[in-house]
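One structure below.
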Amino acid sequence: MQKKSPYRIELTRENMMLTVIQSHSGEIINGRIEKFLHVNRIALSIVKDKVLFLDKTPHTAKIKDICDKNKIKIVEIDESRLHNGINKIANMFFNIVTYNIKDYKYVMLLETDCILSIDWYDTIKNHMLAQDFWIYGSENHVSSGYHKMLSYNNSAKNMNGVAVYNREPEFVSLIYKVINSCLNTRRNYDTILSESIRSINMNNKLYNSPYICDLSPESQKNINYRKIKPLTRVLHQKRF
């Protein structure tokens, strides 16, 4: 009888994780999606379940071949019926975080300015499965926006959108409650979601991972992430 490897996670409904790349048609036009896939091609090759979310556009045909090559499914969101005031980024996030919940308990959300280490997937998944969280991601410790929020709420602990989301029923219910606030404001959905979690005294569900580092503002592109999180496996920073 063949023994199971003690180092490999046995996949069940309780630990299935979907990797989602959040983007938009403008990043097809400027070549950012192709650059992201080229830079991270080896790191992404070990991930079985990958989806690219973007708005519905004729430009999608330009990236079909490269997505097929990288075994990435494309999901287009039709934004034609959204009125001008809707926050389209929040709408995209809502579609992502509620996508295929039946098969995947966890969603790892990436953006096209992320850089992945070779061992990012196994490192993060092994670690996050041992934690109790709703959002497993990264605070932005040096963002001016983050410090503005701290002055507004001293107990602030805002988690950036690049993170793993544990879609257990209580958290999904909270997302449905706050989605209208996210859609009808120019504020970031991740800030609103973090505030909502703190408002019900569930701060402990926001997990600041040692393996995910957020330095996403343009002003932080030259900061040495190793001084902030030396164990980083997913870097959210505009480095290309």
Side-chain angles (χ1 to χ4, degrees), residues 18 20-33 36 51-63 73-101 107-114 134-135 137-140 143-153 155-165 167 169-200 202 205-206 214-220 236-238:
L18 180 68
V20 173
I21 305 156
Q22 178 173 299
S23 186
H24 57 82
S25 56
E27 294 189 332
I28 299 175
I29 297 169
N30 65 20
R32 178 169 284 277
I33 293 176
F36 167 81
V51 179
L52 171 67
F53 268 75
L54 70 168
D55 53 297
K56 191 172 184 179
T57 168
H59 296 294
T60 302
K62 297 178 181 178
I63 59 168
K73 178 181 179 181
I74 298 174
V75 174
E76 293 183 285
I77 303 301
D78 188 355
E79 298 179 344
S80 63
R81 296 185 180 181
L82 299 179
H83 66 72
N84 291 334
I86 288 292
N87 185 328
K88 291 182 179 179
I89 296 176
N91 180 65
M92 181 69 72
F93 171 76
F94 179 74
N95 279 276
I96 289 171
V97 84
T98 58
Y99 176 79
N100 211 348
I101 293 179
V107 166
M108 174 76 229
L109 194 156
L110 301 172
E111 295 180 11
T112 56
D113 52 352
C114 289
W134 286 347
I135 304 177
S138 178
E139 301 174 36
N140 189 306
S143 165
S144 58
Y146 179 70
H147 286 299
K148 286 179 182 177
M149 192 178 70
L150 280 177
S151 65
Y152 168 73
N153 184 341
S155 63
K157 188 179 181 182
N158 182 49
M159 305 301 286
N160 181 258
V162 169
V164 182
Y165 297 86
R167 302 187 295 180
E170 190 176 356
F171 180 46
V172 173
S173 178
L174 177 66
I175 291 172
Y176 272 91
K177 287 178 182 177
V178 304
I179 189 59
N180 283 334
S181 298
C182 297
L183 293 174
N184 293 294
T185 180
R186 306 322 298 169
R187 297 179 68 212
N188 295 335
Y189 69 81
D190 47 8
T191 301
I192 294 174
L193 196 54
S194 296
E195 288 177 351
S196 299
I197 291 172
R198 292 194 310 274
S199 72
I200 57 173
M202 299 295 281
K205 294 292 188 176
L206 300 172
D214 174 51
L215 294 168
S216 54
E218 182 72 25
S219 61
Q220 299 176 15
H236 188 200
Q237 188 177 34
K238 293 174 175 59

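We count residues from 1, following the sequence as given. All values reported here derive from a predicted model rather than from experimental measurement.
Put simply, CG on Leu183 and CD1 on Ile179 are 4.0 Å apart, with the number rounded to the nearest 0.5 Å. One distance of note links CG of Leu18 with CD1 of Ile101; it measures 11.5 Å at 0.5 Å rounding. To the nearest 0.5 angstrom, Met202 atom CE is 14.0 Å from Ser194 atom OG. Between atom CD of residue Glu27 and atom CG of residue Asp113 there is a gap of 7.5 Å, rounded to the nearest 0.5 Å. With rounding to the nearest 0.5 Å, the separation of CD1 in Ile33 from CD1 in Ile28 is 4.5 Å.
The closest donor-acceptor contact from the side chain of Gln237 to the backbone of Gln220 lies under 3.5 Å. Panel note: side chain Asn87, backbone Thr185; a donor-acceptor pair is recorded below 3.5 Å. The backbone N or O of Phe94 lies less than 3.5 Å from a partner atom in the side chain of Thr98, making a donor-acceptor pair. Of the possible donor and acceptor atoms, one in the side chain of Glu76 sits under 3.5 Å from a partner among the backbone N and O of Thr57. Between the Arg167 side chain and the Val172 main chain, no donor and acceptor come within less than 3.5 Å of each other. No side-chain donor-acceptor contact under 3.5 Å links Lys73 to the backbone of Leu52.
Listed here is the closest heavy atom pair of Asp190 and Gly161: OD2-N, 3.0 Å. Closest non-hydrogen pair, Asn160 versus Ser216, comes out as ND2-OG, 3.8 Å. The minimum heavy-atom distance linking Gly137 with Met159 is given by the pair C-CE, 3.4 Å. Closest non-hydrogen pair, Asn95 versus Asn91, comes out as ND2-O, 2.8 Å. For the pair Ala163 and Ile135, the tightest heavy-atom approach, listed with the atom from each and the gap, is CB-CG2, 3.7 Å. In terms of heavy atoms, Ser181 sits closest to Ile192 at O-CD1, 3.8 Å.
Two residues are said to be in side-chain contact when any heavy atoms from C-beta on lie closer than 4.5 Å; Ile89 and Gln22 meet this criterion. Inter-residue side-chain proximity for Leu54 and Thr60 is flagged as met; some heavy-atom pair is nearer than 4.5 Å. Two residues are said to be in side-chain contact when any heavy atoms from C-beta on lie closer than 4.5 Å; His24 and Glu79 fail this criterion. No side-chain heavy atom of Lys88 sits less than 4.5 Å from a side-chain heavy atom of Ile77.
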Query raised in the report: Does the side-chain contact (heavy atoms from CB on, under 4.5 Å) test come out yes or no for Ile96 and Tyr165, once each step is laid out?
Result: CA-CA 10 Å; Ile96 289 171; Tyr165 297 86; over 6 Å; no

Report task. Apply the test side-chain contact (heavy atoms from CB on, under 4.5 Å) to residues Ile21 and Val51: give CA-CA distance (whole Å), side-chain angles for both, the deciding distance (0.1 Å), then the verdict. Result -> CA-CA 6 Å; Ile21 305 156; Val51 179; over 6 Å; no

Query raised in the report: Between Lys205 and Glu170, is a salt bridge (Lys or Arg N to Asp or Glu O under 4.0 Å) present by the stated rule, with each step listed?
Result: CA-CA 11 Å; Lys205 294 292 188 176; Glu170 190 176 356; over 6 Å; no

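Ser25 and Asp55 form a side-chain donor-acceptor contact under 3.5 Å, judged by distance and modelled atom types alone.
Aromatic ring pairs are classed by plane angle as parallel below 30°, tilted from 30° to 60° and perpendicular above 60°; the pair Tyr189 and Phe93 is parallel. Relative ring orientation between Phe53 and Tyr99 is described as perpendicular, the plane-to-plane angle rising above 60° on a 0-90° scale split at 30° and 60°.
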